[in-house]
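Input: a single structure, listed below in structure tokens.
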Amino acid sequence: MSPSNSHPSDDPWSIVFEGYDPEKEGRREALCALGNGYFVTRAAAPEATADEVHYPGTYRAGLYNRLVSQVNGEEVDDESIVNLPNWLSLTFRIDGGEWFSLDAVEILAYRQILQLRQGLLRREVQFRDRQGRETTLQEQRFVSMDRPHLAGLHIELTPENWSGNLEIRSAIDGRVTNNNVDRYAPFNKQHLEPVATGALPEGIWLTMRTCQSHIDIAMAARTRVAANGHEVNAAQIRDCDEAQVAERIQVQVERGATVAIEKIAALYTSRDPAIAQSTEAAQLAIQQAPNFAELLKAHQRAWERLWLRCDFDLDPVKYLEAARMHIFHVLQTVSPHTVDLDVGIPARGWHGEDYRGHIFWDETFVLAFLSCRFPAIVRSILLYRYRRLNEARQLARQHGYRGAMFPWRSASTGREETPRFQFNLLSGQWMPDNTFLQRHIGAIVAYTVWQYYITTNDQVFLSDWGAELLIEIARFFSSIATYNPKRDRYEILGVVGSDEYHTTYPEAETPGINNNTYTNLMAVWTLCRAREALGRLSPSRRAELCHVLELHQDEIDQWDVVSRKMYVSFHDDGILSQYEGFERLQAFDVEQFHEQHGKQRIEWVLKAEGDDINRYQIAKQADVAVLFFLLSEMELTALLKRLGYAFDQEQMQRTIAYHLQRTTHESSLSRLIYAGATATLDCDTSWQLFTQALFTDCSHRDGSGTETGIHLGAMAGTLHMLHHCYLGLCARDAILYLQPSFPAHLNRLRVNLNHQGNDLQIEITAKHLGITAAPDNRESVKIICQGQVANVQPGTSIGIHLD
Ligand code: BGC
């Protein structure tokens, strides 16, 4: 990995972070966060409370709460992922002195080691306090992948040059707020209300409740201390008030003799399945929990199982480490433990509070990697959308459309969560936020449904849920498209593309731009897929669904008409425009801007200067290029042909180059999308963008924002790139297609995956592709690689020479 203060160890599964830098602590807390798909805990130091440097955060997947705030003279309400009580809280003092804090001692040595294979975070600290006492601290922690409600912390303290009384304070601290993101400073932050605290025969517990969603959060913890190999039995409950509970343990320690402390914590909420009552469940879990070592063993076995499914090798190894780190964070955010939770994929993981834990379109990049490894997880994430179909129908109706209009940002109910204003930190002013007009989100829901279906051939899913989603989204696109007789074309007006810099025409009174190419073409794609999905249902299910949804042949015929007559905006020289009129905007000199303003956000600077980014040809992120990422060259050309537009490879190249030159990549998804879009057209550009995307979070780039959450879409997207662009892997019904564009910068890539119930290992080098089928596969797998057809029988391998 390339971070300046982290480096690979001799073990290719470990990432070592050297030193303690208060400035970078937030970023490390997010990068080393541990989770299991049910909850995630940031890697904050156990002795720390939230301050300028540290931010302890624990988030249960999809646990939101809504707060009302007064901003910009108005009452607004925002739903946020909730920072839960801090179960890690553990500190100590010597002879009744100051409680230990990293910031109050001289640090002699400091390193953290993230062990990806074991899902374990280690910390090694040597410090000298103000009295000259030197101590070594060795810490390990995990969030159990085996028992999703449990987590463990283990600390060993060795007095190097002193003997004395050591007092340990272990707490569950509910005095937490949501205070991770500077931009949200003007909003209310207090989501939790105390319910009760108490002591167990061994341990402590605390229950709190979210103030609007009324979800109970129950935590219990048990702390054991051993000195000289003997357990110390002198815990006293102290500092107990309505929002925190702590126990203190005193022990006499001798110079050179290590004291071991282990803390096991349990988290349950009143939304969890298979429990009667959350406080009772947390208490019971702690009373029954085995010790740290046993729990850790089972946790490691659970990770082993996950890594087996995701086994992956990449040469050179520096890319492998980054890719493994990405797999690690994907699985910490969504895992088999997520399946029963009714949650979507959060843009920033459950690793921080940026974007309030909302669900955007980033799932596209995540689900692709999971579909051929954990189809049950993907199905559950798609059901998050299905369960919010009625809300999306309601939203469509409110705006005068038919079908289902999914919101740009969603959380618990599926209502639109995009805030009405954004706070411009540079000017201190509020700016209207019109990004909610990204109606293209529906196409992504349709796209993920379809990709899952053709990858897994899950007919039950299509029949029971998928087809209905596709139909309702197609309905929406057909109804938002208006007929323009002058052009004899359908148009989609007043929307926003994925480039959020352009939300309106300069001087226009109402927000929205017209005929965003990405939106229009994905609308056409959706209309086609909805028709195809209907054709794939059994006649009886098709009839039943059409009856229930009151879908008649004339409406299906109308989809066909719209899908052949959608307007697409081209520049005079044949380049696909971002939207109608983009080419008439003024040129913008990005380099000059950066010289003057460094890495400041362009739209904020311009607004603060009384200007408006909508006037310029400059994009925040890939927009037209998303089409080239999602669709193959053949699919895209066929779509345009269907609409009567000729489009060749040379136009495609010029289109990408034109837009790439005008893109700032302020969104972490942008480089990734361009890397995919250029994979077959311009290998060098693609590779350069890919490696930049690969190190979005792992590199030390300032302003990446990792401290408030990892960039899950970019992380998973790089994995998707390796599979779908460089390996050229695409499952379509029963056939696995491979069309590699393998970069010269890679020596080898090997992946394990499951194709419709059959395990395969695929290995590629510059000249050779090998596929091995597991001996216990049910059937042979049909492969088409660069036009060559092969059947891989169970227990056999094939090799293909690459052109
Ligand atoms: C991007 C969106 C993205 C969101 C969450 C925004 O900055 O513009 O495309 O979905 O971040 O990652």
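Given the structure is predicted, the values throughout are model-derived calculations rather than measurements. Every number for a ligand or one of its atoms is a count from 1 in the order of the listing.
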*Picking from Phe570, Tyr518, Tyr505, what satisfies ring pair (Phe, Tyr, Trp, His ring centres under 6.0 Å) with Tyr579?*
Tyr505
*asked:* Please report whether ligand 1 has a polar contact with Ser667, defined as an N or O pair separated by less than 3.5 Å (distance criterion only).
replied: no
Under 4.0 Å from any heavy atom of [X], which atoms of ligand 1 are there?
{"X": "Ala347", "answer": "5 (C), 12 (O)"}
{"X": "Lys620", "answer": "1 (C), 6 (C), 7 (O), 8 (O)"}
{"X": "Trp361", "answer": "2 (C), 3 (C), 9 (O), 10 (O)"}

*Parallel, tilted or perpendicular: which fits the ring planes of Tyr658 and His571, with parallel below 30° and perpendicular above 60°?*
perpendicular
*Geometric class of the Trp430/Phe423 ring pair [parallel <30°, tilted 30-60°, perpendicular >60°]*: tilted
Quick one: look up the protein heavy atom nearest [atom] and list residue, atom name and how far away it is.
{"atom": "atom 12 (O) of ligand 1", "value": "Asp362 OD2, 2.6 Å"}
{"atom": "atom 1 (C) of ligand 1", "value": "Gln621 OE1, 3.4 Å"}
{"atom": "atom 6 (C) of ligand 1", "value": "Tyr355 OH, 3.3 Å"}

*Between Phe690 and Trp687, is the gap from one ring center to the other below 6.0 Å?*
yes
*Heavy-atom contact under 4.0 Å between His358 and ligand 1?*
no
*Between Arg348 and Asp362, does a salt bridge (Lys or Arg N to Asp or Glu O under 4.0 Å) hold up when you go through it step by step?*
CA-CA 9 Å; Arg348 305 299 286 270; Asp362 306 52; over 6 Å; no
*Could you check if a side-chain atom of Trp361 sits within less than 4.5 angstrom of a side-chain atom of Leu669, using non-hydrogen atoms only?*
yes
